[in-house]
J.: 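A single structure is presented below for examination.
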Amino acid sequence: QLQLVESGGGLVQPGGSLRLSCAGSGFTLDHYAMGWFRQAPGKEREGVICIDSNSGRINYLDSVKGRFTISRDNAKNTVYLQMNSLKPEDTAVYSCAARYYSCSAYDPVYEYWGQGTQVTVSS
């Protein structure tokens, strides 16, 4: 059993907040860059935000910068996505992914993927 499991998705009104969690099972996340991706119906999957392993540098999708933040809790082997000021355009299935050390915008290079969690932003 080597997997990532997301949780925390749901329905929220525009302007609201959600915190997504991504917990690792069977391996430790501290040596991995951790990224969040999302895919809306009929659209391509896109990288949202990612944090490097060594430097802690965070890479953002322009449309979420200033609204979303990513953080680690190595003791819990978990990475979080804090989502504030949510917009209807943020509605998508959000997945976490891991690869060694550094972030990449090219999603096929990520070694491990979660199953995804639905985020719906609607009034």
Side-chain angles (χ1 to χ4, degrees):
Q1 293 185 336
L2 197 66
Q3 62 180 352
L4 299 171
V5 179
E6 302 97 334
S7 62
L11 175 65
V12 65
Q13 293 183 331
S17 298
L18 285 173
R19 189 180 73 164
L20 306 184
S21 299
C22 176
S25 297
F27 71 112
T28 57
L29 305 183
D30 58 344
H31 290 167
Y32 290 83
M34 298 298 301
W36 288 91
F37 294 78
R38 68 185 182 187
Q39 187 168 27
K43 297 184 178 180
E44 296 181 356
R45 185 167 59 191
E46 62 181 353
V48 177
I49 193 168
C50 185
I51 183 168
D52 286 340
S53 176
N54 291 336
S55 69
R57 182 176 182 178
I58 299 173
N59 303 279
Y60 299 89
L61 184 67
D62 285 343
S63 62
V64 308
K65 191 172 185 178
R67 300 189 297 120
F68 292 9
T69 58
I70 188 170
S71 62
R72 294 177 180 267
D73 188 336
N74 289 335
K76 296 181 178 179
N77 204 36
T78 299
V79 63
Y80 302 98
L81 175 62
Q82 180 66 47
M83 310 166 69
N84 299 323
S85 301
L86 283 162
K87 303 176 180 180
E89 307 92 271
D90 297 318
T91 296
V93 174
Y94 284 73
S95 301
C96 66
R99 71 183 299 266
Y100 256 82
Y101 296 113
S102 60
C103 295
S104 175
Y106 186 55
D107 54 285
V109 305
Y110 286 81
E111 299 172 81
Y112 306 105
W113 287 85
Q115 82 288 352
T117 185
Q118 177 71 47
V119 172
T120 302
V121 185
S122 176
S123 60

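Quick caveat: nothing in here was measured; it's all calculated off a predicted structure.
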J.: Which ILVMFWY residues can you reach from Y80 by hopping between side chains whose heavy atoms are under 4.5 Å apart?
T.: none
J.: What pairs with S104 under side chain to side chain donor-acceptor pair (under 3.5 Å), at least two apart in sequence or on another chain?
T.: none
J.: Who pairs with K87 by side-chain contact (heavy atoms from CB on, under 4.5 Å), at least two apart in sequence or on another chain?
T.: R67, E89, D90
J.: Please identify each residue that fulfils salt bridge (Lys or Arg N to Asp or Glu O under 4.0 Å) with D73, with sequence neighbours left out.
T.: none
J.: How would you list, by chain and number, every residue that makes a side-chain contact (heavy atoms from CB on, under 4.5 Å) with A40, sequence neighbours excluded?
T.: K43, A92
J.: Could you give the side-chain donor-acceptor pairs of residues 12-27 under 3.5 Å, partners two or more places apart or in another chain?
T.:
from, atom 1, to, atom 2, distance (Å)
S17, OG, N84, OD1, 2.9

J.: Identify, with sequence neighbours excluded, every residue that meets ring-ring contact (aromatic ring centres under 6.0 Å, His included) alongside Y110.
T.: F37
J.: Any cation-pi pair here, R45 with W36, using under 6.0 Å and within 45°?
T.: no
J.: Assess whether side chain to side chain contact (heavy atoms under 4.5 Å, CB included) is satisfied between I58 and T69, documenting all intermediate values.
T.: CA-CA 9 Å; I58 299 173; T69 58; over 6 Å; no
J.: What residues form a side chain to side chain donor-acceptor pair (under 3.5 Å) with T120, not counting sequence neighbours?
T.: Q118
J.: Begin from the C-alpha positions of R38 and E46 and carry the test side chain to side chain contact (heavy atoms under 4.5 Å, CB included) through to its verdict.
T.: CA-CA 6 Å; R38 68 185 182 187; E46 62 181 353; 2.9 Å; yes
J.: Taking side chain to side chain donor-acceptor pair (under 3.5 Å) as the definition, give me every residue that meets it alongside R57, ordered by chain and number, with sequence neighbours left out.
T.: none
J.: My understanding is that a hydrophobic cluster links ILVMFWY residues whose side chain heavy atoms are under 4.5 Å apart, including indirect links. Using that, what else belongs to the cluster containing V93?
T.: none
J.: Using the rule that Ile, Leu, Val, Met, Phe, Trp and Tyr join whenever any side-chain heavy atoms are under 4.5 Å apart, tell me whether I49 and W113 fall into a single cluster.
T.: no
J.: Are L81 and Y112 linked, directly or through intermediate hydrophobic residues, by side-chain heavy-atom contacts shorter than 4.5 Å (ILVMFWY only)?
T.: yes
J.: For L29, does its backbone N or O pair with a side-chain atom of R72 as donor and acceptor, under 3.5 Å?
T.: yes
J.: With sequence neighbours excluded, tell me which residues meet side-chain contact (heavy atoms from CB on, under 4.5 Å) with N54.
T.: Y101
J.: Are Y32 and Y100 an aromatic pair by the rule of ring centers under 6.0 Å?
T.: yes
J.: Taking D52's backbone N and O only, do any of them form a donor-acceptor pair with S102's side chain (distance below 3.5 Å, no angle check)?
T.: no
J.: Apply side-chain contact (heavy atoms from CB on, under 4.5 Å) to Q115 and list each qualifying residue two or more places apart in sequence or on a separate chain.
T.: V5, E6
